[in-house]
Q: 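Pasting in a structure now, in structure tokens, and then I'll have a few things to ask.
These values consider heavy atoms only, across backbone and side chains, with no hydrogens, waters or symmetry-generated copies.
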Amino acid sequence: MLAIVFAVGFGHAALYALAVPPWAIEDEQQHVDYAWKIANDHRLPVIEDEIDADIIDAIFGADRFSAYDMDRPEPTPEMMGLQARSYAAYHPPAAYALMAPVIVVSGGRALLSMYLLRFLSALAAGVIAALTAQLALDVGRRHRPGTVDALDATRCDRRAARTALGAGLAMAALPTLADSGGRVNADIYATLIVVIGCLVVLRWVARPTAAHSWWLGIVLTVAVLTRETALVLAIPLIIAIAVLVRSGRWSRGVAGRTLVAPAVAAIGWAGYQWRVTGHVDGSRAFLERYGDVVTLPLPRPLLETVSDAWLVPYGRWAVPVVVVVALVAIAVCGLALLARSGGAVVVAVVVAMLAFVVLALGLSLHRDLNIVTSRLLLPAYPAVVAAATVGWATTRARWAPFALAVPTVAFGLWFGVFQLLDRFPLPFG
């Protein structure tokens, strides 16, 4: 089952990796350049750096500007402006350190590096879909009805399998996941470490052994060094700590093994940012340096903004609002069913995670709701999808575990065929 979900998630993202023209408009070259500087220059970039000349040559060689209906500037950093700056440098380095070996394997060919890194992102998307299925399985076990005989146990196991499959397919079919999984970016890796963190937290709060505490500490450290949105893991972590304190299982040893390493990583990264930019938060340095030249989306009605933010890739796509409302309503109903069946704490956690990425990250970083896109929301989605699917499964109807998956798969197919491929046909089609 997990292999099937992985294949769907990877295949969906790979379609985007092939169809979306090279050097996607959302800042793909900045992410490639970050990994490029680690691999070739053996250093982290700073926001004032120019993008490597080989990457600029590849951007113009692929005719990125015609593909996105953009004005074609002169191929110099001075004329390209912000597009030629390595401004992704304010992000932490963990995701780009993972990408760096791919740059080495590519032999320094920029376009090949970009496509290889896109398929690394697609692999991450497949893993995220599979881990979402596992997350639904783990959450569902906490709401499994009591069994009286082997036959009932078998039925519960089958229901759990259907629930996991439904959650995995719903996640794999989201255009948001496929878009991030089809481009070079750090958001897909932030989502990956968050879903891993959710799984580890569940095991840790059930049995806070030394091994579980060490593993959670490692995951939290990687999250701190991956992307600001990965800090959404603080929500389930705080709830888990409260549960352990209340049950008397919290101790100095558990705290030390779990929290010391990520705290040191956070202080170290903030100190590095202060040394090179004068700000402990790199995004402040970016806004100070480039805020007056950043082009933000034009103000739009709130419902249209939410439509873009929830389901579709960053950009302008003709998605009927009624589709968005229907899918959100199905997810909300699933969460309500889970809360009614005794999962109110789980529902509170996933809602708080979603609110965190919107308010604490989106609005604090950009001061503009119109820029809160699916890229920022994506790390919270696996938890939302898993919890909503488990909620539907509590009704015990055979079709219920697929209440979210079926319309999401249909939407993903429609969007892929009539939006993505209509705008960006496959190069070999």
Side-chain angles (χ1 to χ4, degrees), residues 22-60 64 73 75-118 120-121 180 183-190 193 222-230 265-295 365-366 375:
W23 312 108
I25 194 171
E26 293 89 342
D27 62 17
E28 192 168 27
Q29 69 268 21
Q30 277 78 18
H31 296 293
V32 175
D33 185 71
Y34 197 134
W36 188 279
K37 284 181 168 54
I38 293 176
N40 295 329
D41 300 342
H42 310 295
R43 67 176 181 86
L44 298 182
V46 294
I47 58 174
E48 289 85 5
D49 278 344
E50 294 178 357
I51 286 178
D52 191 274
D54 289 339
I55 295 177
I56 292 179
D57 290 344
I59 291 172
F60 281 86
R64 165 247 184 97
T76 63
E78 293 76 18
M79 296 303 295
M80 292 178 67
L82 186 60
Q83 297 178 58
R85 298 293 176 182
S86 190
Y87 60 77
Y90 72 86
H91 295 315
Y96 304 100
L98 177 66
M99 300 178 199
V102 176
I103 302 291
V104 177
V105 169
S106 73
R109 287 169 286 181
L111 187 61
L112 178 60
S113 294
M114 186 214 69
Y115 274 110
L116 290 177
L117 290 173
R118 280 189 177 188
L120 185 63
S121 296
S180 282
R183 292 186 294 107
V184 185
N185 64 103
D187 302 290
I188 193 71
Y189 300 104
I193 198 64
V222 175
V224 166
L225 296 176
T226 297
R227 180 76 162 89
E228 298 86 348
T229 48
I267 294 170
W269 177 247
Y272 170 79
Q273 286 292 321
W274 175 264
R275 183 172 66 84
V276 299
T277 70
H279 296 269
V280 295
D281 177 5
S283 64
R284 298 294 110 192
F286 168 77
L287 292 175
E288 180 183 271
R289 176 69 175 80
Y290 297 116
D292 59 338
V293 296
V294 174
T295 302
L365 288 178
H366 301 290
R375 299 186 306 141

Q: Indicate whether the side chain of S180 and that of D187 have a donor and an acceptor atom separated by less than 3.5 Å.
A: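 Absent: no donor and acceptor within the cut-off.
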Q: Indicate yes or no: does K37 engage D52 in a salt bridge with an N to O separation below 4.0 Å.
A: no
Q: So W269 and V224, do their side chains get closer than 4.5 Å, heavy atoms only?
A: no
Q: For the residue pair A230 and I193, what are the closest heavy atoms and their distance?
A: CB-CG2, 3.9 Å
Q: For the atom pair CG (D54) and OG (S113), what is the distance rounded to the nearest 0.5 Å?
A: 9.5 Å
Q: Do Y87 and P45 have side-chain heavy atoms sitting under 4.5 Å apart?
A: no
Q: Distance check, rounded to the nearest 0.5 Å: Y34 atom OH versus M99 atom CE?
A: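 Those atoms lie 10.0 Å apart.
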Q: To the nearest 0.5 Å, tell me how far I47 CD1 sits from F286 CZ.
A: 8.0 Å
Q: For the CD1 atom of I38 and the CG atom of D33, what is their distance to the nearest 0.5 Å?
A: 10.0 Å
Q: Distance check, rounded to the nearest 0.5 Å: D49 atom CG versus Q30 atom CD?
A: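 Interatomic distance, D49 CG to Q30 CD, rounded to 0.5 Å: 11.5 Å.
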Q: Does Q29 use its side chain to pair, donor to acceptor, with the backbone of Q83 at less than 3.5 Å?
A: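 Checking the backbone N and O of Q83 against the side chain of Q29, a donor-acceptor pair under 3.5 Å is found.
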Q: Looking at A39 and V104, what are the two nearest heavy atoms and their distance?
A: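 Of all heavy-atom pairs spanning A39 and V104, the closest is CB-CG2, 4.0 Å.
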Q: Answer whether the closest heavy-atom distance between the side chains of Y90 and T277 falls below 4.5 Å.
A: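 Sidechains of T277 and Y90: no contact.
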Q: Do I103 and L117 come within less than 4.5 Å of each other through their side chains, counting heavy atoms only?
A: yes
Q: Please report the closest heavy-atom contact between P22 and E28, naming both atoms and the distance.
A: C-OE1, 4.3 Å
Q: Say you draw a straight line from CH2 of W23 to CE of M114; how long is it, rounded to the nearest 0.5 Å?
A: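 These two atoms lie 6.0 Å from each other.
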Q: Taking the six-membered ring of Y115 as reference, does the NZ or CZ atom of R118 fall below 6.0 Å from its centre and within a 45° cone about the axis?
A: yes
Q: What heavy-atom pair brings S86 and I51 nearest, and what distance separates the two atoms?
A: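 Nearest heavy atoms, S86 then I51: N-CG1, 4.1 Å.
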Q: Take V222 and Y189 through the side chain to side chain contact (heavy atoms under 4.5 Å, CB included) test and state the conclusion after the steps.
A: CA-CA 10 Å; V222 175; Y189 300 104; over 6 Å; no
Q: Strictly distance-based, threshold 3.5 Å: is any side-chain N or O of T226 a donor or acceptor partner for the main-chain N or O of A94?
A: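 No: the side chain of T226 does not pair with the backbone of A94.
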Q: Mind telling me whether Y96 and H31 have parallel, tilted or perpendicular rings, with 30° and 60° as the class edges?
A: parallel
